[in-house]
Amino acid sequence: MPTGSIPIDTLPGGIDLYATLESGQSYLWRREDGRMYEDAPDGQPWYCTVIGGETLRDSDGTSGQRPRDAEALRVRQTDEAIEWESTTDAETAVRTLLRLDDDLPEIFESAPDDDLVEASYDYARGLRLVDDPPFPTLIAFICSQQMRVARIHSMVSTLAREYGDAVEFRDRTYHAFPTPDQLAAATESELRELGLGYRAPYVVRTAEMVASGEAHPRDAAGLPYEDAREELTRFVGVGDKVADCILLFSLGYLEAVPLDTWIKTAVEEYYPECDRGNYRETSRAIRSAFGVETDGASDTGRDDAYAGYVQTYVFHYLRTRDAAE
DNA sequence: TTAAGACCTGAAGT
DNA sequence: AACTTCAGGTCTT
């Protein structure tokens with residue numbers, strides 16, 4: 001069985017696997033002790049996922065879609081390393097999915113030094129953004145509206161179990177997140193029975209759009225940030241906030257700042273001058289506030305390239321600090 | 001272009 | 001115990 005170990009002291013800024021995978025940015029991992037989100041792990045639990053099962057578009061863009069085999073993968077953090085085991089050589093996947101090459105000290109060295117950002121960074125040093133596959137991320141965040149983190153996770157797990165490919169690994173069965181084709185074959189009433197509520201038709205229609213080739217979330221990659229966000233709102237059930245989540249967690253737009261209820265609270269209490277009354281302008285303002293001072297590198301005088309990183313720390317801090325005390 | 005209401009559901013709070 | 005509120009919003013009118 002392919003395994004590997006990545007020394008933590010080779011990762012700039014280290015890593016906090018628990019914060020990375022349980023901060024509500026990725027819904028594609030499952031903690032092996034089954035107690036995800038309930039409490040912080042008291043040991044060094046494995047987190048499992050299935051990779052490679054998504055349908056890829058050929059790199060030349062001409063020949064539609066080509067399914068790959070689904071492979072199981074699990075990772076855990078020990079005192080010295082990130083260890084992984086898989087049905088395939090997953091070293092590159094682990095580095096990519098967990099953004100292990102991100103230089104956290106560099107990202108935060110000159111981040112805004114206000115109280116909220118400082119507290120958020122101290123609260124979960126080592127938290128890394130994830131780099132998840134676009135289609136599962138698209139569906140997961142359509143499901144996320146008006147839902148708690150734990151329920152979003154259970155909805156995604158249910159979709160995988162009901163519609164995704166099975167993979168055997170270590171005497172257990174894991175399920176890949178369904179491909180667009182597999183999910184498009186589901187019906188609205190099925191998804192309602194699975195507890196998706198009014199999101200059910202959104203999920204079906206969006207899956208159909210991707211399965212038919214009408215649109216793919218990857219199409220947004222490469223566009224300027226705000227154009228990419230606009231592009232993603234073509235999908236049913238995707239507004240500005242969900243689009244920002246997709247951009248940040250799966251398309252590498254680290255400047256994207258999803259404006260959710262928690263960040264809106266932060267705006268009210270800490271950055272009232274950033275409230276511009278609408279998403280687009282408030283987003284620009286808070287992105288600038290989460291950016292770093294530069295010598296006039298942009299029209300705002302700030303470099304917001306990593307504003308989304310700051311957002312994820314602040315979100316995680318505000319959402320979980322009370323329970324942590 | 002902006003602004004209320006509706007919307008599934010179940011856990012958590014009175 | 002019944003009832004209200006709320007949760008990483010979006011769509012419709």
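Just so you know, these numbers use all the heavy atoms, side chains as well, and skip hydrogens, waters and symmetry mates.
Using a 4.0 Å heavy-atom cutoff across all strands shown, S23(A) reaches at least one base atom of the nucleic acid. Residue contacts for F315(A): at a heavy-atom cut-off of 4.0 Å it reaches a base atom on one of the strands shown. Among the atoms of the strands shown, none is found under 4.0 Å from any heavy atom of N278(A). Within the 4.0 angstrom heavy-atom criterion, no nucleotide atom of any strand lies near Y279(A). Base engagement by R151(A) is indicated by at least one non-hydrogen atom pair under 4.0 Å involving a base atom. Base engagement by G24(A) is indicated by at least one non-hydrogen atom pair under 4.0 Å involving a base atom.
OP1 or OP2 of dA11(B) has not a single side-chain nitrogen or oxygen of R148(A) nearer than 4.0 Å. For dT10(C), neither phosphate oxygen OP1 nor OP2 lies less than 4.0 angstrom from any side-chain nitrogen or oxygen of Q145(A).
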key: side chain to side chain contact (heavy atoms under 4.5 Å, CB included) between H316(A) and S120(A), worked out   = CA-CA 8 Å; H316(A) 178 57; S120(A) 301; over 6 Å; no
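Spacing between dG8(C) and dA4(B) at atom P, rounded to whole Å, works out to 24 Å. Taking atom P on both nucleotides, dT5(C) is separated from dG5(B) by 15 Å, rounded to a whole Å. Between the C1' atoms of dC7(B) and dA7(C), the separation comes to 13 Å (whole Å). Separation of the P atoms belonging to dC11(C) and dG10(B) is 23 Å when rounded to the nearest angstrom.
Whole-Å rounding puts the L196(A) CG to dT10(C) C1' distance at 15 Å. Regarding E281(A), its CD atom lies at a distance of 13 Å from the P atom of dT1(B), rounded to whole Å. Computed from coordinates, the I142(A) CD1 to dC11(C) P distance equals 9 Å when rounded to whole Å. Computed from coordinates, the D322(A) CG to dC6(C) C1' distance equals 15 Å when rounded to whole Å. Separating the CD1 atom of I152(A) from the C1' atom of dA11(B) is a distance of 14 Å, rounded to the nearest angstrom. In this structure, NZ of K264(A) is placed 13 Å from C1' of dA7(C), rounded to the nearest angstrom. Between the C1' atom of dC6(C) and the CZ atom of R319(A) lies a distance of 14 Å, rounded to the nearest Å. Straight-line distance from the CZ atom of R205(A) to the P atom of dT10(C): 15 Å, rounded to whole Å.
Across all strands shown, dT5(C) is found opposite dA11(B) as a Watson-Crick or G-U wobble partner, with both distances under 3.5 Å.
A donor-acceptor pair under 3.5 Å is absent between the side-chain atoms of T10(A) and the main chain of I6(A), judged by distance alone. Remark: side-chain polar atoms of D244(A) are not paired, donor with acceptor, to backbone N or O of K241(A) under 3.5 angstrom.
Heavy-atom distances to DNA chain C give each of T233(A) and S144(A) a nearest nucleotide, and the one nearer the 5′ end belongs to S144(A). In this structure, E193(A) and G277(A) both approach DNA chain B, and ranking their closest nucleotides by distance from the 5' end singles out G277(A). Ranked by how close their nearest DNA chain C nucleotide is to the 5' end, L259(A) and F235(A) are led by L259(A).
The side chain of Y202(A) approaches dT10(C) more closely than any other nucleotide in the set dG8(C), dT10(C), dC8(B). The nucleotide whose nearest atom lies closest to any side-chain atom of D260(A) is, among dG9(C), dC8(B), dG8(C), dG8(C). Considering only side-chain atoms of Y27(A), the nucleotide from dT9(B), dG8(C), dC11(C) that sits closest is dG8(C).
A salt bridge between D39(A) and R35(A) is present, with a side-chain N of the basic residue lying under 4.0 Å from a carboxylate O of the acidic one. Between E226(A) and R287(A) there is a salt bridge, since at least one side-chain N of the basic residue sits less than 4.0 Å from a carboxylate O of the acidic one. Using a 4.0 Å cut-off between charged side-chain N and carboxylate O, E268(A) and K264(A) make no salt bridge.
D114(A) and Y271(A) share a side-chain donor-acceptor pair at under 3.5 Å.
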